[in-house]
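Below you'll find the structure, written out as structure tokens, and then a few comments.
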Protein chains: 2
Amino acid sequence: MDDFLKALEIEGLTSRLKRLSDTMLYETKDLYKSLDLEIEPNWNLIFRLLQAYQELTIMEISERLQLSHPAVIKIVNKMKKTGYILTYSDKSDKRKQILRLSEKAMVKLRDFESIWEVQNAEIGKLLSDCPHFMEELEKVETKLREQNYKQRIINKLNE
Amino acid sequence: MDDFLKALEIEGLTSRLKRLSDTMLYETKDLYKSLDLEIEPNWNLIFRLLQAYQELTIMEISERLQLSHPAVIKIVNKMKKTGYILTYSDKSDKRKQILRLSEKAMVKLRDFESIWEVQNAEIGKLLSDCPHFMEELEKVETKLREQNYKQRIINKLNE
DNA sequence: TCATTTTACGTAACCAGTTACATAAAAAAG
DNA sequence: CTTTTTTATGTAACTGGTTACGTAAAATGA
């Protein structure tokens, strides 16, 4: 079966990126379910952040991951429900909720680290004959950070 | 602001792909809204398919785009509501719904083609110093088609 | 020809994101 | 001080995907 998105060349690119990212997401969910791991795809990001910084607020996570704050709230609420994250409110700024990893999280991390390692190795293999992929992805991200996609199109239309 | 996902290297890749694909999706929606165009991101895929094949069923679209059939039904229902798609049921197989572009779609397509052209040119520019991106993306897709991501991990764990 | 299996479509419930809006606390400005 | 603006968080409604399940028609096979 030929891939119509590929045949569209440039016009199919964003849909292919979405397809790839959705595939990774749903297969990873399925993987964790099969292995009976109490974790979701992308929770690793929060674990990694809190490993690196110990304590962070919702907004700090939101900025560092470049995710909207409601998205972070949703992830964090689930991780609180499973007992991986503890929160308390900042004494000097009562608006802020300070997040840190629980003892349970520290213990579970050992299991999680080993599966993440396998996943990373497999992704490495998928990229084994793609030596420019990461670097070129970064170039695209950088360009879009300098000027966003929508604005690029608007400017072009006004030329 | 440094990008934490980038710092995660391989481990941040799938989240970066999701972030990029979400960004393109939401900015494109926003773009069409600003321009008052009665179209959604990814409707172009259906337009292109029906331009190429004139008539297709839900399942044929689903296979060619590698999207689940409920996803196709949702897109197509919206496009029917805006009057771009006409349907009738196959005489010789009453299960099948045959889809084709309406006259309205053919007229609107002229406007849409011109904005898609600008979008494609801009994406081309984003990729201008990424000569391997499309080709390497395809390599990854091919590998995942040969054996899916989940199975790769499972196999590795059983080694 | 009739029972069984497969296929096409549809619906429901879920998921991970978004934007838009509300509220309360902190910071800035008068 | 007090008013105004900004910031941190939370909630609601929406979006474009998914899987799971149901149903009717077609194809298969005994």
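The sequence lines fix the lettering, A, B, ..., with proteins before strands; numbering per chain opens at 1.
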Is Arg95(A) side chain donor-acceptor paired with the dT7(D) base, going by distance under 3.5 Å alone? yes
Does any N or O donor sit under 3.5 Å from an N or O acceptor when you compare the side chain of Lys18(A) with the base of dG17(D)? no
Counting side-chain heavy atoms from CB outward, which of [options] is closest to [X]?
{"X": "Asn42(A)", "options": "dT11(D), dG17(C), dG16(D)", "answer": "dG17(C)"}
{"X": "Met59(A)", "options": "dT19(C), dC15(C), dT9(D)", "answer": "dT9(D)"}
{"X": "Lys29(B)", "options": "dT18(C), dT15(D), dG17(D)", "answer": "dT15(D)"}
{"X": "Pro70(B)", "options": "dA13(D), dT11(C), dA8(D)", "answer": "dT11(C)"}
{"X": "Lys78(A)", "options": "dA8(C), dG16(D), dA16(C)", "answer": "dA16(C)"}
{"X": "Ile73(B)", "options": "dG17(C), dT11(C), dT11(D)", "answer": "dT11(C)"}
{"X": "His69(A)", "options": "dA13(D), dA25(C), dG10(D)", "answer": "dG10(D)"}
{"X": "Ile75(B)", "options": "dT18(C), dG17(D), dA25(D)", "answer": "dG17(D)"}

Whole angstrom value for the distance that separates [atom2] of [N] from [atom1] of [X]:
{"X": "Asn77(B)", "N": "dG10(C)", "atom1": "CG", "atom2": "C1'", "answer": "9 Å"}
{"X": "Asp90(A)", "N": "dA25(C)", "atom1": "CG", "atom2": "C1'", "answer": "11 Å"}
{"X": "Ile58(A)", "N": "dG10(D)", "atom1": "CD1", "atom2": "C1'", "answer": "9 Å"}
{"X": "Gln97(B)", "N": "dG10(C)", "atom1": "CD", "atom2": "C1'", "answer": "10 Å"}

Any donor-acceptor N/O pair, Ser62(A) side chain to Ile58(A) backbone, under 3.5 Å: no
Is a side-chain donor or acceptor of Glu9(B) paired with a backbone partner of Lys6(B) at a separation under 3.5 angstrom? no
Residue mapping more 5' on DNA chain D - nearest nucleotide basis, Glu60(A) or Tyr26(A): Glu60(A)
Can you tell me if the side-chain N/O atoms of Thr57(A) get under 4.0 Å from OP1 or OP2 in dT9(D)? yes
Glu38(A) CD to Phe112(A) CZ distance, which is reported to the nearest 0.5 Å: 7.0 Å
Going by the side chain to side chain contact (heavy atoms under 4.5 Å, CB included) test, name the single residue among Ile46(A), Leu49(A), Val72(A) that passes it with Leu56(A). Leu49(A)
Between Arg48(A) and Glu113(A), does at least one N-O distance fall below 4.0 Å, as a salt bridge requires? yes
